[in-house]
Amino acid sequence: MKRPGMQQPDPVAFIKANLPISPVPSIPEIRLHTAGPASGLWRLAGRREADPAPYWAYPWAGGAVLARYLLDRPEIVVGRRVLDLGAGSGLVAIAAAKAGAAAVTAVDIDANAIAAIGLNAAINGVDIVARAADIIEDPPPEIDLLVVGDLFYDPTLALRVMAFLRRCQASGIEVLIGDPERAHLPQGELSRIATHAVADFGGGSSGGAVPAGVFSLFGNS
Ligand SMILES: C[S@@+](CC[C@H](N)C(=O)[O-])C[C@H]1O[C@@H](n2cnc3c(N)ncnc32)[C@H](O)[C@@H]1O
């Protein structure tokens, strides 16, 4: 978001200069530009209430568990068209591409996330189409698998996301959710299909592992 009188840094240059590349805790196959205490992230992301929180600057437990799940079971994605909703850093999209997806799209509402996804895809040697958009009121996209990492942190967003996921499933898309059971995950509507201990944002690079789940919607085959 542009602020009067302030020069916005170029996101690609800012991320390269200030967010070091680190392996994702629990997913050593994937490296990401990750914010640290010295990154001065607010200079890019802003710190007004209206500025989107820079969640893309870290790997989250929901994304990590889904990335681990796809990397360990490539048959789930091989040859399929995959869309990562709320992609953030691109962690799940990168895992899907590394596991052999035919095409991977990463969607996030934050333009800085799109810059980070481009850089992170290149670091990991994969091709991802990254789109800045809010697609959850749109018709279901033309994909085979929709992956959603850690998008149930806000009650209003959680309701909108679930309505979209139900419409996607009804149109024949397989839906997989990764989440460390955050408050607004509608567990009564989901089946748990796997659990892994993964690091969460805020847990530190050396620990802070939490049990996180991979879920499908009831009715998924
Ligand atoms: C907690 S982060 C999770 C990022 C990543 N999936 C992971 O697990 O590491 C949530 C991300 O969802 C994005 N987001 C929020 N609302 C969204 C929407 N309506 N459509 C797409 N992305 C959204 C945020 O900008 C943020 O990057």
Side-chain angles (χ1 to χ4, degrees), residues 1 11 15 19 22-27 30-35 41 44-46 50-71 82-97 104-121 124 128-138 140-141 143 145-165 167-168 175-185 196 198-203 205 208-210 212-215:
M1 184 171 295
I15 292 167
L19 277 70
S22 324
V24 177
S26 334
I27 323 284
I30 295 180
R31 298 183 310 139
L32 300 174
H33 282 281
T34 306
L41 194 54
L44 175 64
D51 294 323
Y55 290 158
W56 53 268
Y58 314 91
W60 292 75
V65 70
L66 209 38
R68 185 72 274 148
Y69 185 75
L70 298 182
L71 288 166
V82 179
L83 188 143
D84 179 7
L85 180 69
S89 63
L91 170 58
V92 185
I94 291 166
V104 182
T105 304
V107 175
D108 201 289
I109 50 170
D110 190 330
N112 291 328
I114 304 309
I117 292 165
L119 292 169
N120 288 332
N124 290 281
I128 290 171
V129 174
R131 280 184 61 203
D134 187 346
I135 62 166
I136 60 183
E137 309 296 337
D138 294 351
I143 55 166
L145 174 65
L146 178 61
V147 287
V148 185
D150 231 310
L151 203 42
F152 289 90
Y153 54 86
D154 171 88
T156 307
L157 178 61
L159 289 174
R160 291 179 67 219
V161 169
M162 267 312 279
F164 180 65
L165 301 190
R167 285 191 285 119
C168 286
V175 176
L176 291 176
I177 296 167
D179 201 282
E181 301 188 29
R182 301 213 190 276
H184 306 292
L185 182 73
H196 293 279
V198 290
D200 196 12
F201 166 55
S205 58
V210 296
V214 176
F215 301 86

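Indexing begins at 1, ligand by ligand and atom by atom, following the structure's order. These numbers come from the heavy atoms of this one structure, side chains and all, not from hydrogens, waters or symmetry mates.
For the pair Thr105 (side chain) and Leu83 (backbone), a donor-acceptor distance under 3.5 Å is absent.
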Carefully, step by step, assess Ile177 and Val161 under the rule side-chain contact (heavy atoms from CB on, under 4.5 Å). CA-CA 11 Å; Ile177 296 167; Val161 169; over 6 Å; no
Are Val92 and Val82 close enough, and set up right, to give a side-chain contact (heavy atoms from CB on, under 4.5 Å), and what steps lead you there? CA-CA 10 Å; Val92 185; Val82 179; over 6 Å; no
Go through it in stages, so that I can follow the logic: the residues are Leu66 and Val214, the test is side-chain contact (heavy atoms from CB on, under 4.5 Å), and I'd like the CA-CA distance, side-chain angles, deciding distance and then a yes or no. CA-CA 6 Å; Leu66 209 38; Val214 176; 3.9 Å; yes
Apply side-chain contact (heavy atoms from CB on, under 4.5 Å) to residues Phe164 and Ile135 and explain how you reach the verdict. CA-CA 9 Å; Phe164 180 65; Ile135 62 166; 4.0 Å; yes
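Residue Ala87 touches ligand 1 through its backbone alone, judged by heavy-atom distances below 4.0 Å. Contacts with ligand 1 closer than 4.0 Å are made by side-chain heavy atoms of Ile136 only, the backbone lying farther away. Contacts between Leu66 and ligand 1 below 4.0 angstrom, taking non-hydrogen atoms only, are absent altogether.
Here CG of Leu176 is found 6.5 Å from OH of Tyr69. Values are rounded to the nearest 0.5 Å. Atoms CG and CD1, from Leu151 and Ile136 in turn, are 7.0 Å apart once rounded to the nearest 0.5 Å. Within the model, atoms CG of Asn124 and CG of Leu119 stand 11.0 Å from one another, a figure rounded to the nearest 0.5 Å.
Counting only heavy atoms of the protein, atom 2 (S) of ligand 1 lies nearest to Tyr55 CB, 3.6 Å. Of the protein's heavy atoms, Asp150 O, 3.3 Å lies nearest to atom 1 (C) of ligand 1. Ranking the protein heavy atoms by distance from atom 4 (C) of ligand 1 puts Gly86 O, 3.4 Å first. Scanning the protein heavy atoms around atom 19 (N) of ligand 1, the nearest turns out to be Asp134 OD1, 3.3 Å. The protein heavy atom nearest to atom 13 (C) of ligand 1 is Asp108 OD2, 3.3 Å. For atom 9 (O) of ligand 1, the closest non-hydrogen atom on the protein side is Trp60 N, 3.0 Å. Looking only at heavy atoms of the protein, atom 10 (C) of ligand 1 is closest to Tyr153 CE2, 3.6 Å. Closest to atom 23 (C) of ligand 1, if we only count protein heavy atoms, is Ile109 CG1, 3.6 Å.
Within a 6.0 Å sphere centred on CZ of Arg182, heavy atoms belonging to other residues, nucleotides or ligands number more than 12. Sparse packing is recorded around CZ of Arg131, with 12 or fewer heavy atoms of other residues, nucleotides or ligands lying under 6.0 Å away.
Checking only distances, Ala64 never comes within under 3.5 Å of ligand 1, N or O to N or O. Residue Leu85 places no N or O, backbone or side chain, under 3.5 Å from any N or O of ligand 1.
Distances shorter than 4.0 angstrom do not occur between any heavy atom of Pro52 and any atom of ligand 1. Under a 4.0 Å heavy-atom criterion, Val92 is not in contact with ligand 1.
Of all atoms in ligand 1, listed by their number and element, those nearer than 4.0 Å to a heavy atom of Leu151 are 12 (O), 14 (N), 15 (C).
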